[in-house]
Structure formats: structure tokens, C-alpha cells
Amino acid sequence: MLESYAGTAGWRTVVALTDGATGRASPSGQGGFMFGEELRRRREAAGISLRRMATILHVSPGWLSRIEREQHDPPTHLAAAADTHLGAGGALISLAAASDAKAGHLRPAELPAGPAAFVGRSSTLRTLDTLLARAESAGTTLTVALDGPAGAGKSALAIEWAHSVSSRFPGGVLFADLQGFSTTGRAADPRRILERFLRALGAPPERVTSADLDELAAHFRTIVSHRRTLIILDNARDPRQVRSLLTGPVGSSMVLITSRRRMTGLTVQGAAHRVPVTPMEDDDALTLLRSIVGDERVDAEPAAARALVERCAHLPLALRIAAVRLAPHPHRPISGAVRALADDRDRLDALADGGDDLAVRSAFAGSYRELAPEAARAYRLLGLHTGPHISTPAVAALLGHSEPVAQRLLDDLVDFHLLDDISTGSSGRYRFHDLLHTYAGERAAADESPEGREAAITRLTSWYASCVDRANYIIAPQRRIELLPPPSDVVPIDFTDAQQAAAWCDAEAENFVPIVRLAADRRQAAAWQVATRLWNWLLIRKPWTLWEESHTIALKAATAAGDSEAQAWVSMNLGEGYRQSRRYKPAHEHAQRALALRDEIGDRHGQGWCQASLGFLSIDEGAPELALTHFRQALERFRETDDFHGETIVLAALSEAHDLLNAPDEAEDAFRAALTLARRMQDLYAEGILWFRHANAHRHRGDMQAALESLNSSVQCRRSVGDAWGTAEALALRGDVLAQIGDDGAARKSWQQAQDAFEALGDTRAAELRQRLTGDLPSALADQ
């Protein structure tokens, strides 16, 4: 058949025999290369088989055979290796170069200059090196797709690596910016790219301009199948844009693609290897900053340097802009640049070099513009959520869609690297990096109506309030809880058991304060509903900072709304949080405020809990007589309002108060009454507290064995309901009792378990236990 290839006079046609199995041309006559013949002659003279020679050169026997039969250009590195091993004294290297020149091959060198200060990315560079080495060994083509968010440095990485390996491609290097996400919104036409590539490879103008896209692509594949060429396709929009620019399965060329979008269509078909490019690691980002502003400035302000990296979301583009703006001003502190990026409203303005081409906002705009309308709406509405991550069900509520539709839109945003998928197992969870979140908020303000924004926020906060409400109920159904009616356009999670409900709260913990604040900013009841309905989870997890922050915001919101009942609940919960974290002054203030509000609105049930809270404070502060007064009033309120759970808790507290006042009979009567109620309601949380208080009573009376048995029961009950803080408290006291009866080994084991638990909870008692464990046991006991 007739086969065309580039020659000295332009586009030449030679008579070629076609290998039926491969479809490759086998040139004959003067157009044939001499390198392959000389390589075979020297190899056979040295008594080396083709297979053995392939092993020596780290290539496949088939590919080496095609080189010897002049069906492939000899790569420079292969010619050099063969020359050295066969002792050719440079003859094979010269023949490889002469063969290339005789064939009239133009060697395009289109790579642009790399970045002046390229740092890091060692892992990704090694991955590319490995993929290339495998392809060279097998003598096959290679396609790699680098994908990552805007500003992550994909182009710089591709160009840097291409420079390092360009000598291994005797056919040259082709480069094209496909402008898939350009500010103009007009991506490059693949036909025009092919025309330019073919001209660079020596194709005559008449053969380039007269062909349609498919014919041009076929011509391109034919040439690069015979010439080992590196093709860089930068900034691709999608797989469709690059398909006609790929090399095909024949030959040993390589295509390296960069895109802000995952090239799923190529990788699923096996045509490309996907290599993700993520924001930079801390050390690499700091090295980049050092390379621009200097070591001295970074060493002088290490904390500010790391903060600047964080503000720039570890994106090389953003960090370069910030660093370049600092570099000419050696007396400007890095901390000043950090402050300039502190406000979300100004951050993207600060990350611009004065021209649109290198503005972070412009980079993000290119990605946003490529989204379908529904995906674009999802992206900007996600900018209204101020938490660090968001789940698929929460996104469904925010958008007002079903979960399957929300999941599809999330997948689109992940494909465009506008959102990170941080899911684990079957739990779908997503997050922005800070700059993309800021840009999403800008688009929401610009492209979404005020009514649309308000409706989306209301759906989201209502969903959280409803889910927290149901989780609270499932965690402790024995407590008297009136569920909130969910809004018609919100579907809360249907929890099946307490473990699932608590696990959901654990996963959402970082979002609770932002959601309460978001609702408070809109003067929505969800601000105090989310905070107060977290009560049962707060009791078993004791996240002190979250407890205080959420309720402080909620109290301000309830006060601004003039809702006395909401203020009373929030104040009492906040006071109890202060009490349990041993901050007694604010605990008193909030408990008294809550009681005054309950008295004002005539809420007898709420008065009961306020009196109970004041009683707990009195016990903690060593005033058991005053505690009895509060507990008796609380018991009266709970009995008249039929709150059996409240009655159980107060009876347990009464038992402890009586014991402290040396009234063992009254203490035992209260304990038995409380235990009967707790078991009737299957209230293991209350029973765990009851056994703990009973252990204290036994210890107070000197009955250590009974105290130990009660503590074992307390640990068992508290573990069964996931009360980590209560379990740690019981284990710590159990260690004390064991030490007092002389079982030092068991005491240390129990203290160690308590210390580990308190450490995980961030409780200061971890330090106390650590000191006890490292000191002398008798001394530790004497200090109690």
C-alpha cells in the first residue's frame, strides 16, 4: 500500500510493504535507516540474542525487533546504551543521528520555559518517571492525564517534567494550550491544533488544509507512530477536546494532558493513566515561599509563613502571587500579608498581580463558567454553608433536591475540582478549600437572588435542627422530648439506633457552631433549636468548647428574639456545661438566670431542672444541706409534671447528699427508688450516674468493696450508652478505690484507661492522672 511520512522535500510518499498483523509500514530502498542494520550486525557478532539485548536495554523484544527492521526511530538513550554495551565507539550514536537527518525529520521543540522557582512535587514526578520507564520498556505509547484544581500548578509541573525527559524523545516535543478554561470562554479548536502540529512535523500545507478533522488525526497518528514524540496538551476542557490529538496504540510516543477536570472518559476506557495534582504539602509550599521572599524572612516569621500558606489554600498560583507582592518590599512583614488575606471579602482581590491573567479569581471563573446551570447553582449555594465540610443529605436539603440528584451534582463539582470528596466508606462528605469557598460565596451574592439565598439557608438550618432533634431523641428516648415538626421541604435523617445517632453527631460536630451562627445571623429559631437539642449528645461527649460556643451564640439569638423559654433552656444548658467543666461562677449566673426566666413564665417543669442544676452546684461546692433544698424542690416539680427521668436523676443526687450528711438510711432509700425508676425506663445513662454516686457514698462510709462493685456497674452502663466522659470519670475513681485497698497494678491500669479517655476528650484531668501515674503511689494517694 502507499504510506506517507515527512521527508526532506516536505510530504513524501514511498512504496511500503504492510505488515498484516500490525498494519505498520516497512520502508525499503534508500529511505531505509542504517541504525537498525548496524545494531543487528554488531549484536549478532557479539553473540547476543535479540531477547537478551532487549533485557540489557530495558525494552521489550518486540520493540527492539521493530527498531532493527527500521520500523521505529531509535531513541537517543537507547542508541547510547547499545553503543556502550557493544563497544561501538560512538558509531551507533552517530548512525541514529544520521538516520534521523536522512529521513528529513524536523524535531519540534515547542516547550515553553518552566517556572523560575519550581519546587516540590517529588512524588508526582516519580510517578511520571515510573510510567514513562514502563512504557519505554514495553515499547508502547503512553497517555497520562494530570488533573487538579485551578491554581494547583498542573501546567508548571507538566512543563518541568517534560524538560527533564525531552531528550528521550527524538521525534521532538509538541505543546498546545487548549484554553479549556480561559477567561474568554472559547476553548481551542482541535482541528487548528492538529494543523499546527502537522506543520511542525513537516507536513506540506496542501495536505494539512485540505483534510477534515478525522483525516488530520489519522495523518498525525501515522507520523508519531514512527517517531517517538512527546505531546503536551495543556489546560484541556474535557475528553472530547483531546481525543483527536491522541497518538493511538501504535508507536512509542507519549501524550501528557493537564486539566481542571477529571478525564474520566479516557481513564475508564484505559486510554490514559490518571495522576491527580493536589494543593502543595506544607513543606513544599514553604520551600516555594522561601525561593521567592528568601530564607531570612521565613525564618524570622515561621508562624506567619505557615499562616500565609494556609490563607493561600496551599495553591502554588495564590502563594506565588502573594510572595511576589512581598518580595520587592523586604521591610514588609509576612504577617502583614496574612492580615491582608484574613477577610474573605478581600482575599481574592489581594491574590491578583494587577493583571487579569494571574488573578486567582480569574482562574476559578474559568472553571465555574464551564459548569452546567444546575451544577453552577449547586456550587454557589454551597458557598452559603460556612462549616468545614458537608454531607450529601445536607447538600440535598440546601439545594431542595433529592439525594440522588444532589449526588450527581456533587460528582460534577468534584470532576471539575471545585469540591473535594473526603468521603469514608458509605458516608458521602465534601469540602472546599478556602479560596474556592470564598469564590462560591461571591458567585452566590452575584448570581443568586436574595430570595433564593434565604430559602436555601432556611432549608439547610431547618434540616440540621430536625436531624439534631431526632438524634437527641434516639440517644436518650427516656427523656421527655417533644420532637420538632420538620418543614415540608426538608427530609431529616431517620436514625435507627443510638450508636448511629451519636456517630452522626460526631461526624457533624465541626458544623454545629457554624450552623448555629448562620441561623443566628438570619434571626432563625434554628439557632437555639440546634444548640439545645444537642443536649443528650453533649452530655455523653462533653465537647466543652463546642458546648460553650454554640450556646453563647444561641443565647444572644434567643435574647434578641425576645423568646423567654428559649433563653431559659439555653441558659440552663450553658450553666450546666460550665458546672461540669468546673467553672462554678458562670455556672451559678446562668442557672439563676434560667430559674428567674422559668419563674417569670410559670414553667414548673423547667423550674425542676433549674433547681436540680443548682443542687448539683451545691454538691460540687461542698454544701450538701443547700443541695437537699434544691433537690427536694426539683423532685416536687418532676413528680407533678410526670418527668420520670428527671425524678431518677434527682433521687440519685438526693442519695449522695444524704450520705454526705451522714444519713445512710435516707441515702439508701433514695438510691433504691432511683434504681427502680431507671431500670423501669431502661435508662442506662441515669443508671450509670446512679451507680457512680452510690460508689462515692460507699467510699465515704469506708466500704471499699461495695464502692468497687458500684463503679464496675457504672463503667458497664456508661460504656453501653457511649458516655465516654462518664466512663473516664468512673475509671478514675475506680483506680483510686483499687489503690486504697492495695491493688496497685489494677489501680494503675484503671488510671491509665481513664487518662487515655480524658486525653481524647481534651479534659484537664488527663494531666492530673499522668502525674499520678508517673509518681509514687502512696504520695499520689496522699495528694487526693
Side-chain angles (χ1 to χ4, degrees), residues 385 387 390-398 400 403 427 456-520 522-543 546-547 549-551 553-555 557-558 561 563 565-574 576-577 594 603 605-606 609 641 643 645-646 681 683 685 721-723:
H385 174 58
I390 191 167
S391 66
T392 304
V395 174
L398 176 72
E403 283 192 41
S427 174
I457 290 172
T458 300
R459 286 192 299 269
L460 182 65
T461 56
S462 298
W463 181 83
Y464 267 102
S466 296
C467 289
V468 164
D469 191 35
R470 277 147 183 77
N472 187 55
Y473 175 78
I474 293 295
I475 289 171
Q478 70 278 1
R479 293 191 177 95
R480 196 171 71 183
I481 302 169
E482 295 179 8
L483 289 174
L484 298 169
S488 58
D489 55 351
V490 166
V491 180
I493 295 175
D494 185 16
F495 300 106
T496 58
D497 54 43
Q499 288 73 26
Q500 183 195 19
W504 179 83
C505 290
D506 293 344
E508 290 287 350
E510 292 179 305
N511 287 319
F512 290 141
V513 170
I515 284 295
V516 169
R517 184 176 288 112
L518 185 63
R522 265 72 181 178
R523 302 177 68 86
Q524 295 176 354
W528 53 85
Q529 289 171 347
V530 170
T532 57
R533 299 288 169 144
L534 279 171
W535 177 249
N536 292 331
W537 177 75
L538 293 173
L539 284 176
I540 63 174
R541 291 293 191 260
K542 304 292 191 296
L546 188 158
W547 192 332
E549 286 186 10
S550 63
H551 281 67
I553 298 166
L555 185 56
D563 190 326
E565 184 179 10
Q567 291 178 64
W569 276 117
V570 178
S571 289
M572 194 197 72
N573 287 9
L574 184 54
E576 184 62 12
D603 181 359
H605 179 247
W609 280 113
T641 56
D643 186 344
H645 171 73
M681 292 185 298
D683 188 347
Y685 177 82
V721 294
D723 184 358

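Here, residue 1 is the first one in the sequence, and each next residue gets the next number. Keep in mind that the numbers below use all heavy atoms, side chains included, and drop hydrogens, waters and symmetry copies.
For Thr392 and Glu403, the side-chain atoms include no donor-acceptor pair closer than 3.5 Å. No hydrogens or angles considered: nothing links the side chains of Glu576 and Asn573 as a donor-acceptor pair under 3.5 Å. Side chain to side chain, Thr496 and Gln500 meet the donor-acceptor criterion of an N or O pair below 3.5 Å.
For the atom pair CG (Leu574) and NE2 (His551), the distance works out to 7.0 Å, reported to the nearest 0.5 Å. Here the straight-line distance linking atom CE of Met572 with atom CD of Gln567 works out to 14.5 Å at 0.5 Å rounding. Atom CD1 of residue Ile474 and atom CD1 of residue Ile493 lie 12.0 Å apart, to the nearest 0.5 angstrom.
Aromatic rings of Trp609 and Trp535 (six-membered ring for Trp) have centroids beyond the 6.0 Å cut-off, not under it. Between Phe512 and Trp547, the ring center distance fails the sub-6.0 Å criterion.
Residues Trp528 and Trp569 have side chains not in contact (no heavy-atom distance under 4.5 Å, counting atoms from C-beta outward). Using a 4.5 Å cut-off on side-chain heavy atoms (C-beta onward), Ser571 and Leu555 make contact. Within the 4.5 Å cutoff, the side chain of Ile475 has no heavy atoms near those of the Phe495 side chain. Contact of the Pro543 side chain with the Leu538 side chain is registered, since non-hydrogen atoms from C-beta on lie closer than 4.5 Å. Using a 4.5 Å heavy-atom cutoff, the side chains of Gln529 and Asp469 are not in contact. Looking at heavy atoms from C-beta onward, Trp463 lies in side-chain contact with Pro393 at the 4.5 angstrom threshold. You'll find the side chain of Tyr685 reaches within 4.5 Å of the side chain of Ile540, heavy atoms only.
Formation of a donor-acceptor pair under 3.5 Å by the Asn472 side chain with backbone atoms of Leu534 is not found in this model. In this structure, Thr461 contributes its side chain and Thr458 its backbone to a donor-acceptor pair below 3.5 Å.
Residues Leu546 and Ala509 come closest through the heavy atom pair CD1-O, 3.1 Å. Across Arg459 and Leu398, no two heavy atoms sit closer than the pair NH2-O, 2.7 Å. For Ala531 against Val516, the heavy-atom pair with the smallest separation is N-CG2, 4.2 Å. Listed here is the closest heavy atom pair of Trp504 and Cys467: CH2-CB, 3.5 Å. Residue Arg541 comes nearest to Ala502 through the heavy atom pair NH2-CB, 3.8 Å, listed as atom of the first residue, atom of the second, then distance. Ile553 and Ala520 make their closest contact through CG2-CB, 3.8 Å (heavy atoms, listed as atom of the first residue, atom of the second, distance).
Asp683 is linked by a salt bridge (Lys or Arg N to Asp or Glu O under 4.0 Å) to nothing, counting only residues two or more places apart in sequence or in another chain. For Arg517, the side-chain hydrogen bond (donor to acceptor under 3.5 Å, both in side chains) test picks out no residue, with sequence neighbours left out.
Looking at Arg470 and Asp494, no side-chain N of the basic residue comes within less than 4.0 Å of a carboxylate O on the acidic one, giving no salt bridge.
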